[in-house]
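When a residue number appears, it is its place in the shown sequence, counting from 1.
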Amino acid sequence: MGSRLTSPIEPLRPHEEGLGQVLRITAGVMLGLLFLIGPLSDFIHSSPGPARTAAIATGFAAFLVLYATAMRAGRLGRLGPRATLAVVAALAVLPAAMLAFGAPSSFALLYVFFAAAVGMRLRPQAAAVVILLTAIGLGVAASVDGESSSSIGAKSLTVLAIGAMMIAFSRQIRVNRQLQAARNELARLAVTEERLRIARDLHDLLGHSLSVIALKSELAEKLLAHDPERAAAELGDVQAVGRQALAEVREAVQGYRRLALSDALIGARSALSAAGIAYEVERAGSELPPDVEELFAWAVREGTTNVLRHSAAETCAVRIRDEHGQATVEVEDDGRAAPAAPSAGSGLSGLAERAARLRGRLEAGPAPGGGFRLRLVVPLQP
């Protein structure tokens, strides 16, 4: 029963109305009510009797209040769909009741306002049916009262015109609100995406740098007793890496950072050498596009960082190729291989997201000959 009652109602979402919007709605309602001056004047000059006069005046006041309520979407939205249906039904019943109590025939003009409320508050299909039936009913009643054909046509066409106009107006309001909601959602998604980008960049930047700092600090501590000069050199590297990480974080926050593949390869050589891991680089092919080169730089960083942290490897090889319309970077070691996937950690997950932006794919897992391999493939054709 509930669904049948609420199905014709256009869903209304309660929303805060600013002072300007309230004033515009109020001004529109008051301007529309000026058309009731004629029926009100006819009522003042009629004499249906004290009791009937009081009943008609009460009904007229109630109609005005309900009509103003129906035109306030925010207020009706808070009351719910059943209240909306009740208000629309009351706006249909009150003019008929007033006419039955002896109100002037010009009170039939109230059905024009009823049609406006129906066009605003019901779904377009339901509103069109109700407005059409109202126009037919008003024409039949005018014909029974002996009015001229021109008067009958004017009343019916006025109801149809006002109703159609309000249906179109309501649809435009609904579309504008949906567009505004879509803009707000896009803005929210953009903020979320930017937060993820910053988190991903900070992880990629600091994860590698802090791993190198920790590794070189441990090495310097071990060398301090029997090789102070080399320990001092390692501590100097720690300071250099720390300063570089600070500069990169500042650039990332400002949005101007672009990681170079050559810098990533040099940093990987330095970090792996300090850990006692042999390092090989194989590069074949032409110059890569800037966005692909930056992506490969992040892949080298992430791959060598994982080698330092997890593999206990003795050798690590980086291979960069450009052939058959696609570019490939591989970071492979001979350490302890553990199953992994792009979603296994925030570093690999962030790298997979970067690759997806360039229609690339990331593979990370045990290498066929033992050890662990990170492989990233990016198509080069547009």
Side-chain angles (χ1 to χ4, degrees), residues 189-190 192-208 211 248 252 257-269 271-272 277 279-311 313 315-382:
L189 292 175
T192 301
E193 177 64 21
E194 186 64 12
R195 287 175 179 170
L196 291 175
R197 185 192 68 82
I198 293 174
R200 183 171 60 241
D201 288 358
L202 289 178
H203 172 275
D204 293 343
L205 286 168
L206 295 180
H208 176 79
S211 296
E248 289 176 342
R257 176 188 48 79
R258 192 173 189 90
L259 183 63
L261 180 56
S262 58
D263 293 339
L265 293 172
I266 294 173
R269 179 183 298 277
L272 292 171
I277 301 174
Y279 177 62
E280 301 175 1
V281 176
E282 300 177 13
R283 183 164 186 176
S286 59
E287 190 81 11
L288 296 174
D291 50 356
V292 176
E293 180 171 322
E294 183 180 17
L295 174 62
F296 280 13
W298 288 118
V300 170
R301 272 207 170 195
E302 178 62 25
T304 54
T305 299
N306 289 336
V307 171
L308 293 171
R309 287 178 174 175
H310 309 302
S311 70
T315 63
C316 175
V318 177
R319 306 181 188 92
I320 301 172
R321 300 186 182 91
D322 172 11
E323 54 187 7
H324 306 304
Q326 62 183 18
T328 305
V329 60
E330 293 180 355
V331 181
E332 185 174 349
D333 63 71
D334 61 353
R336 297 189 302 268
S343 60
S346 57
L348 290 176
S349 177
L351 187 59
E353 292 174 4
R354 293 178 187 274
R357 292 178 181 273
L358 300 181
R359 298 180 294 115
R361 68 179 186 275
L362 174 66
E363 302 170 2
F372 189 86
R373 182 176 65 183
L374 181 151
R375 186 170 187 266
L376 181 59
V377 181
V378 179
L380 295 180
Q381 62 271 20

Let me see the working for Leu348 and Asn306 under side-chain contact (heavy atoms from CB on, under 4.5 Å), right down to the final yes or no. CA-CA 10 Å; Leu348 290 176; Asn306 289 336; 4.1 Å; yes
Quick one, Val378 with Leu288, criterion side-chain contact (heavy atoms from CB on, under 4.5 Å). Give me CA distance, side-chain angles, the key distance, then yes/no. CA-CA 11 Å; Val378 179; Leu288 296 174; over 6 Å; no
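Taking the side-chain contact (heavy atoms from CB on, under 4.5 Å) definition, one finds that Arg321 meets it with Glu282, Arg319, Glu323, Glu330, sequence neighbours left out. Scored by the side-chain contact (heavy atoms from CB on, under 4.5 Å) test, Ala268 finds Tyr279, Val300, Thr304 as partners (sequence neighbours excluded). Applying the salt bridge (Lys or Arg N to Asp or Glu O under 4.0 Å) test to Arg283 and every residue at least two apart in sequence or in another chain returns nothing.
Note that the CG atom of Asp263 and the CZ atom of Arg301 stand 8.5 Å from one another [nearest 0.5 Å]. For the atom pair CZ of Arg354 and CG of Asp291, the computed distance is 12.5 Å after rounding to the nearest 0.5 Å. Interatomic distance, CG of Leu295 versus CG of Leu376, reported as 4.5 Å (0.5 Å rounding).
The shortest distance between side-chain heavy atoms of Glu332 and Arg375 does not fall below 4.5 Å.
Contact record, Cys316 with Ile277: N-CG2, 3.9 Å, taken as the closest heavy-atom pair. Taking every heavy atom of both residues into account, Ala313 and Asp334 meet most closely at CB-OD1, 3.4 Å. Here the closest non-hydrogen pair linking Ala264 and Ala297 is CB-O, 3.6 Å.
Each of Val329, Leu362, Asp333 was compared with Leu374 under the side chain to side chain contact (heavy atoms under 4.5 Å, CB included) criterion, and only Leu362 meets it.
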